Amino acid sequence: MSFRYRTSFDPPHHFRCRFRFLRKSQEAALSALLGGGALAGSLEAFAEEPARVYLETCLEVMADKANPGTLTDNSERLFSFGVIADIQYADLEDGYNFQGSRRRYYRHSLVHLQGAIEDWNKESSMPCCVLQLGDIIDGYNAQYKTSEKSLEVVMNTFKMLKVPVHHTWGNHEFYNFNRDYLTRSKLNTRFLEDRIVDHPETIPSENYYAYHFVPFPKFRFILLDAYDLSVLGVDQSSPKYQQCMKILREHNPNTELNSPQGLSEPQFVQFNGGFSQEQLNWLNEVLAFSDTNQEKVVIVSHLPIYPEASDSVCLAWNYRDALGVIWSHKCVVCFFAGHTHDGGYCEDHFGVHHVNLEGVIETAPVSQAFGTVHVYPDKMVLKGRGRVPDRIMNYKKEKALNF
Ligand SMILES: [Zn+2]
């Protein structure tokens, strides 16, 4: 079975890209706060780190205050779940990203995680579970031979959480461990999957790390393996490595395969990956079942798949194939990803809300980066903390549940 639903991608111009609008309105509001005209240009103009962090913190506080009471209606709330991305813990001094433009708080990321867990544990409506969107420890751990120790530290912290956590795998997992190790590790949470009786086609194979579960009747969550096709974490002598390296080289002629320089499809870099046809076929079967069963579906993946909500360098290699499968069903309402660190959001023209969560690793100690999603019959409401903004994500009319 082949999934060539769409061979080209030409997004229409009428998307509601609220994250861009929000940035602009926040800047205008801050400018007014500072006496008008004090904030010249965009935030990016503030190259100096302390000034940028301070301003971002101001904006976050203002964003919180700008939405008083709008997210407190719990009259119809069905259930809630937590989301957190890119913790990238390492017992190291602060550093910077590859471009040198963003500070990384390797040690403090653990404090951020502890804060998130404390908040989730004492929420009045306790989340049913937490989705950890990948890159739980930083790749630097491999260099310092601290991979296992750092993973243990983070997993011991997660033990404080009173609800189950579903772990997604990102590129930093594969910088530290190979796929066999991850499969045997505590980062493999497939034991939390739900199986659909009499529908063996909805059981994932062992060739990729993906599963689905039902935290509340009529709501199915699907965790995807965005490094199913990847040159990371696989034995270089294996056929799979050869196949993936061929795909990568066909799209990226650069000597440095982590460089997107000059690429027409900049997502074809070594630190990204993609979805195998086998996994997409399985996803299609699960979504077909959910359509028939009139379920709402939330998809979780380390890599984003929607260009309007993400830096194009951070997308999954074959994001169009994943979108093709999702768009051929009516059940998907939300797609959560990490990886970009900056965050992003867009509702696509099929009514799927794409949320790229802000990464913990690039979050200043004075701020936070996690969220709780409250689920209603007609919408999902993300209550963000710190630099994660609040979002109200309405289902398209035909997707709303009738309880
Ligand atoms: Zn990543």
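Since the model is a prediction, treat every value here as computed from it, not as a measurement. Ligands are counted one by one from 1 in listed order, and the atoms in each one are counted from 1 as well.
Salt-bridge annotation for Arg190 and Glu193: present, with a side-chain N of the basic residue lying under 4.0 Å from a carboxylate O of the acidic one. Checked for salt-bridge contact, Arg104 and Glu93 miss the test: no charged N lies under 4.0 Å from a carboxylate O.
Rounded to the nearest 10 degrees, the angle OD1 (Asn171) to the Zn ion (ligand 1) to OD2 (Asp135) equals 90°.
Among heteroatoms of the N, O or S kind in His302, NE2 lies nearest the Zn ion (ligand 1). The N, O or S atom of His339 with the smallest distance to the Zn ion (ligand 1) is ND1.
Inspection of the Asp94 and His108 side chains reveals no N or O donor paired with an N or O acceptor under 3.5 Å.
Residues His349 and Trp327 bring their aromatic ring centres within 6.0 Å.
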